[in-house]
Amino acid sequence: MVENEFKLMLTEAQYQKIYSMYGWDTEFSQTNYYFDTPELSLINSHITCRVRYVGGLYYLQMKLPNGAEHSRLEFEAELGDALPYKLSAQELNELSGRSDMPDVGLIGELTTLRSVKKFDGGEIDLDRSRYFGITDYELEVEFTDETAARAVLLLLREAAGITETSDVCLGKVHRFVREYNKNSAK
């Protein structure tokens with residue numbers, strides 16, 4: 001699967017403004033358990049490896065570069081009702097279709113409360129995430145129709161007073177790793 005999305009970091013006030021604009025189609029909590037080598041070789045290669053817990057089940061998910069700024073290849077396999085603490089190179093290679101993945105271990109977790117609003121050509125994902133004692137706020141606009149997504153993004157920016165000129169922000173895994181590195185250095 002190919003994932004196309006725009007992401008923006010929000011202040012708490014911007015998050016609350018956007019939250020108040022809609023009757024959300026769904027809201028749920030999900031926890032991402034991040035996996036990597038001790039040297040963070042996957043993340044340093046722009047690869048995300050996580051196990052996501054949502055709806056009582058665990059899913060192994062990998063995201064790999066796809067050659068475009070707002071696009072990544074995404075792979076997923078259901079793991080069932082038990083969280084692994086290590087994942088083998090063989091498991092990761094089979095999921096991703098590659099042959100160069102290392103064995104990885106659990107490095108930490110991030111929990112997100114997600115509110116979802118669908119629109120023709122995509123969806124708005126409004127996230128409040130907690131990790132290492134930090135709470136942050138993010139807007140993701142996932143899309144199959146880039147023109148529709150840009151129009152929705154412009155509407156949300158104007159309504160919430162978001163003045164950034166870039167649609168790029170650090171993804172959850174990179175924000176998590178930044179704090180992981182700070183905590184590991186202590």
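Start at 1 with the first residue, then count along the sequence.
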Do Arg130 and Leu110 touch side chain to side chain, with heavy atoms closer than 4.5 Å? no
If you look at every heavy atom in Leu92 and Pro102, which pair is closest and at what distance? CD1-O, 3.5 Å
Shortest non-hydrogen separation from Leu170 to Met9 and the atoms involved: O-SD, 4.3 Å
Side chains of Cys49 and Leu60: closer than 4.5 Å at any heavy-atom pair? yes
Could you measure the distance from the OG atom of Ser184 to the CD atom of Glu179? Nearest 0.5 Å is fine. 11.0 Å
Point-to-point distance, once rounded to the nearest 0.5 Å, from CG of Leu42 to CZ of Phe35: 11.5 Å
Is there side-chain contact between Asp125 and Ser115, with at least one heavy-atom pair below 4.5 Å? no
Would you find a donor on one side and an acceptor on the other, under 3.5 Å apart, between the side chain of Glu94 and the backbone of Glu91? no
Between Thr111 and Ser29 the two heavy atoms that sit nearest each other are CG2-OG, 3.6 Å
Parallel, tilted or perpendicular: which describes the rings of Tyr34 and Phe176, with under 30° parallel and over 60° perpendicular? tilted
Between Glu138 and Arg175, is the closest basic N to carboxylate O distance under 4.0 Å? yes
Looking at NZ of Lys117 and OH of Tyr22, how far apart are the two atoms once the value is rounded to the nearest 0.5 Å? 8.0 Å
Indicate yes or no: at least one non-hydrogen side-chain atom of Leu8 is less than 4.5 angstrom from one of Ile162. yes
Quick one: are the ring centres of Tyr180 and Tyr131 less than 6.0 Å apart? no
Charged N to carboxylate O below 4.0 Å: is that the case for Asp127 and Lys172? yes
With the threshold set at 4.0 Å, does a side-chain nitrogen-carboxylate oxygen contact exist between Glu5 and Lys7? yes
Is the Trp24 ring parallel, tilted or perpendicular to the Tyr19 ring (thresholds 30°, 60°)? parallel
Could you tell me whether the side chain of Thr144 reaches within less than 4.5 Å of the side chain of Asn4, counting heavy atoms only? no
Leu106 reachable from Val177 in the ILVMFWY side-chain graph, under 4.5 Å edges: no
With side chain to side chain contact (heavy atoms under 4.5 Å, CB included) as the criterion, how do Ile47 and Ile43 come out once you've worked through the C-alpha distance, each side chain's angles and the decisive distance to 0.1 Å? CA-CA 5 Å; Ile47 296 171; Ile43 290 166; over 6 Å; no
Taking the basic N atoms (NZ, or NE/NH1/NH2) and the acidic carboxylate oxygens, is any pair closer than 4.0 Å for Asp25 and Lys118? no
If every non-hydrogen atom of Leu95 is compared with every non-hydrogen atom of Phe75, which pair is closest and at what distance? O-CD2, 3.4 Å
Starting from the C-alpha separation in whole Å, work towards a yes-or-no answer on salt bridge (charged side-chain N to carboxylate O under 4.0 Å, His left out) for Glu140 and Arg114. CA-CA 10 Å; Glu140 296 180 6; Arg114 173 165 280 185; 3.1 Å; yes
Is there side-chain contact between Glu27 and Val116, with at least one heavy-atom pair below 4.5 Å? no
Show your reasoning for whether side chain to side chain contact (heavy atoms under 4.5 Å, CB included) applies to Val141 and Phe119. CA-CA 10 Å; Val141 178; Phe119 63 89; 3.8 Å; yes
Straight-line distance of Phe28 CZ to Thr112 OG1, nearest 0.5 Å: 9.0 Å
Determine whether Val51 and Thr31 satisfy the following criterion, side chain to side chain contact (heavy atoms under 4.5 Å, CB included), listing intermediate values before the conclusion. CA-CA 8 Å; Val51 171; Thr31 299; over 6 Å; no
Is any side-chain heavy atom of Ser129 less than 4.5 Å from a side-chain heavy atom of Thr135? no
Pair Leu64, Arg72 - check side chain to side chain contact (heavy atoms under 4.5 Å, CB included), show working. CA-CA 6 Å; Leu64 290 83; Arg72 306 217 340 148; over 6 Å; no
Exercise: do Arg52 and Asn32 side chains pair donor with acceptor under 3.5 Å: yes
Approximate separation, where rounding is to 0.5 Å, of Asn44 CG and Thr37 OG1: 7.5 Å
Taking atom NZ of Lys17 as the centre, does the number of heavy atoms from other residues, nucleotides or ligands within less than 6.0 Å exceed 12? no
Compare all side-chain heavy atoms of Val152 with those of Ile124 and state whether any distance is below 4.5 angstrom. yes
